[in-house]
Amino acid sequence: MKIPFYAKVTIFLVGLIALLAIMYIAKSIIIPIVFAIIIAIVLHPLVNFLVRLKINRILAIVITMFLTFLIIASFGIVLINQASRFGESWPLLVEKFTSLLNQNIADAAEYFNKDPQKIHDWITKTQGELINSSAAAIGQTLVILGNGLVILLLIPFYVFMILFYQPIIVEFIIRISGSNYESHVRVIVSQIKTVIQRYLIGLIIEAGIMAVLNTTALLILGIEYAVILGIMAAVLNVIPYVGGIIAVALPMMVALVTKSSPWYAIYIMIAYYIIQLIDNNYIVPYIVASKVKINALFSVIIVLVGNALWGVPGMFLSMPLLAIIKLICDHIDPLKPYGFLLGDTMPSLIKIKTIFKKK
């Protein structure tokens, strides 16, 4: 019996809503597991290399994770040092920003013929409301930080277990798919590993290059805290489209507060725009060597959905997960139209003209 189209759509929507609800409710369980799976996929080649050197598998995993920890710790120390400098100067930045704001209020009041005191009173009232709401949110923030700490402690454990039991997990996926699809599933699993490895390793290289370019541009312009702002911009750039806007806004705000001329903010915007052009036209196509291309529409949608479901971790995980979904769709005949919809391959004009001629 053939299922009507409206029934298929209804079943699909109900299943999608149920899946999203489960992902949201169980996010504290799912997020560390997903992070661990992606990290394990990236570290797997090094573990295999050490195993081929006749090193015990457990020892190979421990060595790999220790080297990874050293790299992350070295980067973290540099970042913390820069962040501490930024934090020590924060009161001075706030004072300068307040002075600049007062001057702008006075200028605006004179231009629009308004009483400056009324504007000050409104801003003071708004600040009081924000402080009260912020105080109420402190407890929630502490809970979120506590949950984040638990996740950070769980991820290394999950990574170790996934790397150790990787042969069993892969064999389970192949067996559960059935003997008829064994070769097909092996190809999909292999390509997923390749795509994730190339995507994330390329992303790390891209972030490093962007950090150097951003920091160099800020240093040339003489912007304070250039290193921390350049690194933050490179990390935020990992989030498609949305991250780039936040990345350029931060140094522009610092420039407005610390520099005598507002032109420095414009110079930063121009410099970051040029860097983004280099990133989009040269770094991403040649270094971020992912075989799966996602179009801009679904890139933005998946980032917003990831943020709604899982917050900031969801924004970072959204693109790798969507790449996996597209790869699976591309290898399963009934799902190939969805894979085409997620991709960025435009149909040829000849095909479009043929369709219209037939009509």
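Values reported hereafter were calculated over all heavy atoms of this structure, with side chains retained and with hydrogens, waters and symmetry mates removed. We're numbering straight along the sequence, starting at 1.
- Its side chain within the 4.5 Å cluster rule, Y273 clusters with L277 among the Ile, Leu, Val, Met, Phe, Trp and Tyr residues.
- Other residues, nucleotides and ligands contribute over 12 non-hydrogen atoms within 6.0 Å of the CZ atom of F298.
- V159 and L321 fall within the same hydrophobic cluster, defined by Ile, Leu, Val, Met, Phe, Trp and Tyr side-chain heavy atoms under 4.5 Å apart, directly or through other members.
- Side-chain atoms of W310 come within 3.5 Å of backbone N or O of M23 as a donor-acceptor pair.
- In this structure, CG on L218 lies 11.5 Å from CD1 on I228, to the nearest 0.5 angstrom.
- What you find for P313 and F35 is that their closest heavy atoms are CB-CE1, 3.7 Å.
- Closest non-hydrogen pair, P251 versus I268, comes out as O-CD1, 3.4 Å.
- A234 and A207 get closest at one heavy-atom pair: CB-O, 3.2 Å.
- Side-chain contact between D279 and Q276 is present, with at least one heavy-atom pair separated by less than 4.5 Å.
- Grouping the Ile, Leu, Val, Met, Phe, Trp and Tyr side chains by contacts below 4.5 angstrom, directly or via other members, places Y158 with I168.
- Within the 4.5 Å cutoff, the side chain of K193 has heavy atoms near those of the Q166 side chain.
- Annotation: side chain of R57 is in contact with side chain of P167 (closest heavy-atom distance under 4.5 Å).
- Atom CD1 of I33 and atom CD1 of I155 lie 10.5 Å apart (nearest 0.5 Å).
- There is a path of hydrophobic side-chain contacts, each under 4.5 Å, that joins M269 to I278.
- Here the CD1 atom belonging to I220 is positioned 11.0 Å from the OG1 atom belonging to T215, to the nearest 0.5 angstrom.
- Note: F164 and F160 have parallel aromatic rings, judged against thresholds of 30 and 60 degrees for the angle between ring planes.
- A distance of 10.5 Å separates CD of E206 from CG of L213, quoted to the nearest 0.5 Å.
- For the pair M210 and I275, the tightest heavy-atom approach, listed with the atom from each and the gap, is CE-CG2, 3.6 Å.
- You'll find the side chain of I192 reaches within 4.5 Å of the side chain of I328, heavy atoms only.
- In this structure, the side chains of Y272 and M252 stay at 4.5 Å or more apart for every pair of heavy atoms.
- Cluster annotation: M232 and V212 are assigned to distinct hydrophobic clusters (Ile/Leu/Val/Met/Phe/Trp/Tyr, side-chain heavy-atom contacts under 4.5 Å, transitive).
- Taken to the nearest 0.5 Å, the CD1 atom of I25 stands 10.5 Å off from the NZ atom of K27.
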In a table with atom names and distances, give each donor-acceptor pair under 3.5 Å that connects a side chain of residues 59-76 to protein atoms at least two apart or in another chain.
unit_1, atom_1, unit_2, atom_2, d
T64, OG1, A60, O, 2.8
T68, OG1, T64, O, 2.8
S74, OG, L70, O, 2.8

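- Through direct or relayed side-chain contacts under 4.5 Å between Ile, Leu, Val, Met, Phe, Trp and Tyr, L219 connects to no other residue.
- Cluster annotation: L16 and I22 are assigned to distinct hydrophobic clusters (Ile/Leu/Val/Met/Phe/Trp/Tyr, side-chain heavy-atom contacts under 4.5 Å, transitive).
- N214 is not listed as a side-chain neighbour of L229, based on a closest heavy-atom distance of 4.5 Å or more.
- Within the model, atoms CG of L304 and CG of L309 stand 11.0 Å from one another, a figure rounded to the nearest 0.5 Å.
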